[in-house]
Engineer: 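Okay, handing you the structure first.
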Amino acid sequence: MQRWLMKTEPEAFSIADLARKRREPWDGVRNYQARNYLRTMHKGDGVLFYHSNCAVPGVVGIARVARAAYADPTQFDPRHVHFDPASRRDDPRWSLVDVAYVRTLGRTIALDELKGRPELADFALVRRGNRLSVLPVSAAQWDFILGLE
DNA sequence: GCCAACGTTGGC
DNA sequence: GCCAACGTTGGC
């Protein structure tokens with residue numbers, strides 16, 4: 001099992017939304033590096049669910065990959081905000097995975113708490129200027145972060 | 001709302 | 001292939 005961190009703006013889609021829906025296609029990723037990570041995911045991989053661009057950014061829950069990568073249908077929809085006119089149906093540019101709810105953390109593990117920890121020195125999330133919305137997480141990082149709960 | 005960081009686009 | 005302009009991300 002591999003582990004990942006996935007960012008979402010809670011105003012757009014929060015851990016409470018995932019808890020209610022149980023499962024969700026993670027559409028709208030339009031960054032090549034993030035897409036490449038999506039494509040290496042396997043069903044069953046662990047996901048740290050992260051709220052960004054909000055009052056207290058941080059890890060708020062756990063999800064898992066419920067379906068490995070497939071073509072993101074929103075790239076072909078001209079009315080959709082994530083429409084990509086350059087993507088072709090016979091060679092889709094963008095992928096998504098389905099994500100399933102596992103649990104909500106007892107408290108938010110804030111970005112603030114994760115910064116400056118030697119255990120997370122190599123974790124891209126806490127490095128300056130990081131903007132990737134999908135990041136790999138090592139087993140040690142996963143255990144450390146959830147150990148703060 | 002500000003703005004630094006960074007990815008993408010497109011002229012050359 | 002360079003790089004300025006532009007758009008987006010996301011912490012603050």
Side-chain angles (χ1 to χ4, degrees), chain A residues 2-21 24-41 45-65 68-138 140-149:
Chain A
Q2 293 177 285
R3 296 155 196 84
W4 309 90
L5 180 142
M6 296 171 79
K7 296 181 186 174
T8 175
E9 301 192 10
E11 278 196 29
F13 190 81
S14 70
I15 188 69
D17 293 324
L18 185 63
R20 189 178 65 253
K21 300 186 76 172
E24 184 75 2
W26 202 263
D27 62 26
V29 171
R30 295 294 183 268
N31 170 282
Y32 287 106
Q33 197 177 345
R35 179 206 68 182
N36 292 342
Y37 283 138
L38 290 176
R39 289 182 175 177
T40 69
M41 290 184 181
D45 283 1
V47 175
L48 295 177
F49 197 101
Y50 180 92
H51 281 176
S52 67
N53 209 0
C54 55
V56 185
V59 178
V60 294
I62 300 174
R64 66 179 161 75
V65 176
Y70 58 102
D72 181 342
T74 65
Q75 70 194 298
F76 302 122
D77 180 356
R79 295 176 312 278
H80 199 280
V81 66
H82 293 306
F83 176 60
D84 182 352
S87 184
R88 299 163 26 152
R89 285 194 180 271
D90 59 357
D91 185 21
R93 178 177 290 181
W94 305 111
S95 301
L96 58 71
V97 298
D98 287 356
V99 167
Y101 180 75
V102 175
R103 72 181 178 91
T104 303
L105 298 189
R107 68 181 193 89
T108 297
I109 301 171
L111 175 62
D112 231 29
E113 300 176 58
L114 303 179
K115 286 179 174 171
R117 302 272 191 172
E119 295 89 343
L120 302 178
D122 296 328
F123 191 28
L125 181 75
V126 297
R127 288 209 293 266
R128 203 167 65 103
N130 162 63
R131 287 169 42 192
L132 258 193
S133 63
V134 179
L135 302 172
V137 178
S138 73
Q141 291 163 350
W142 176 279
D143 291 342
F144 176 78
I145 292 168
L146 293 179
L148 297 174
E149 182 185 7

Engineer: Which atom names give the shortest non-hydrogen contact between A/Q2 and A/T40, and what distance separates them?
Structural biologist: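 Heavy-atom minimum between the residues: OE1-O, 3.2 Å.
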Engineer: Looking at every heavy atom in both A/V134 and A/Y37, which two are closest together, and how far apart are they?
Structural biologist: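 Closest pair (atom of A/V134, atom of A/Y37, distance): O-CD1, 3.2 Å.
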Engineer: Please state how far atom CZ in A/R30 lies from atom P in B/dT9, giving the value in whole angstrom units.
Structural biologist: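 Result: 12 Å.
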Engineer: Tell me whether the count of non-hydrogen atoms from other residues, nucleotides or ligands lying under 6.0 Å of CZ in A/R88 goes above 12.
Structural biologist: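 Result for CZ/A/R88: open.
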Engineer: Rounding to an integer number of Å, can you tell me how far A/Q33 CD sits from B/dT8 C1'?
Structural biologist: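 It works out to 14 Å between those atoms.
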Engineer: Take A/N53 and A/R93, find for each the nucleotide of DNA chain B with the closest heavy atom, and name the residue whose nucleotide sits nearer the 5' end.
Structural biologist: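 That would be A/N53.
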Engineer: How close do A/S87 and A/Q75 get, counting heavy atoms only, and between which atoms?
Structural biologist: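 Minimum heavy-atom separation between A/S87 and A/Q75: OG-OE1, 2.6 Å.
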Engineer: Determine which pairs satisfy ring-ring contact (aromatic ring centres under 6.0 Å, His included) with at least one residue from residues 89-122 of chain A, sequence neighbours left out, and list them in order.
Structural biologist: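 Passing the test, one end in residues 89-122 of chain A: A/Y32-A/W94.
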Engineer: Check the side chains of A/D17 and A/S14 for a donor-acceptor pair under 3.5 angstrom, ignoring hydrogens and angles.
Structural biologist: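 Checked: A/S14/A/D17 side chains pair up, N/O donor to acceptor below 3.5 Å.
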Engineer: Please report the distance, rounded to the nearest Å, between NZ in A/K7 and C1' in C/dG11.
Structural biologist: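 Spelled out: NZ on A/K7 to C1' on C/dG11 is 10 Å.
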Engineer: In whole angstroms, how far is the C1' atom of C/dT9 from the CG atom of A/L5?
Structural biologist: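 In whole Å, C/dT9 C1' lies 15 Å from A/L5 CG.
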Engineer: Rounded off to whole Å, could you give me the NE2-to-C1' distance for the A/H51 and C/dT9 pair?
Structural biologist: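 Nearest whole value for this atom pair: 17 Å.
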Engineer: Separation of A/L125 atom CG from C/dT9 atom P, in whole Å?
Structural biologist: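 Nearest whole value for this atom pair: 16 Å.
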Engineer: Any N/O pairs under 3.5 Å between the protein and nucleotides 3-6 of chain B? List them or say none.
Structural biologist:
| from | atom 1 | to | atom 2 | distance (Å) |
| --- | --- | --- | --- | --- |
| B/dA5 | OP1 | A/R128 | NH1 | 2.1 |
| B/dA5 | OP1 | A/R128 | NH2 | 3.4 |
| B/dA5 | N3 | A/R131 | NH1 | 3.2 |
| B/dC6 | OP1 | A/R128 | O | 3.3 |
| B/dC6 | O4' | A/R131 | NH1 | 3.2 |
| B/dC6 | N1 | A/R131 | NH1 | 3.4 |
| B/dC6 | O2 | A/R131 | NH1 | 2.0 |
| B/dC6 | O2 | A/R131 | NH2 | 3.4 |

Engineer: Can you tell me how far C1' of C/dT8 sits from CG of A/N31, to the nearest Å?
Structural biologist: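 So the two atoms are 10 Å apart, to the nearest Å.
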Engineer: May I have the distance from A/D84 (atom CG) to B/dT8 (atom P), rounded to whole angstrom?
Structural biologist: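 Interatomic distance, CG of A/D84 to P of B/dT8: 12 Å.
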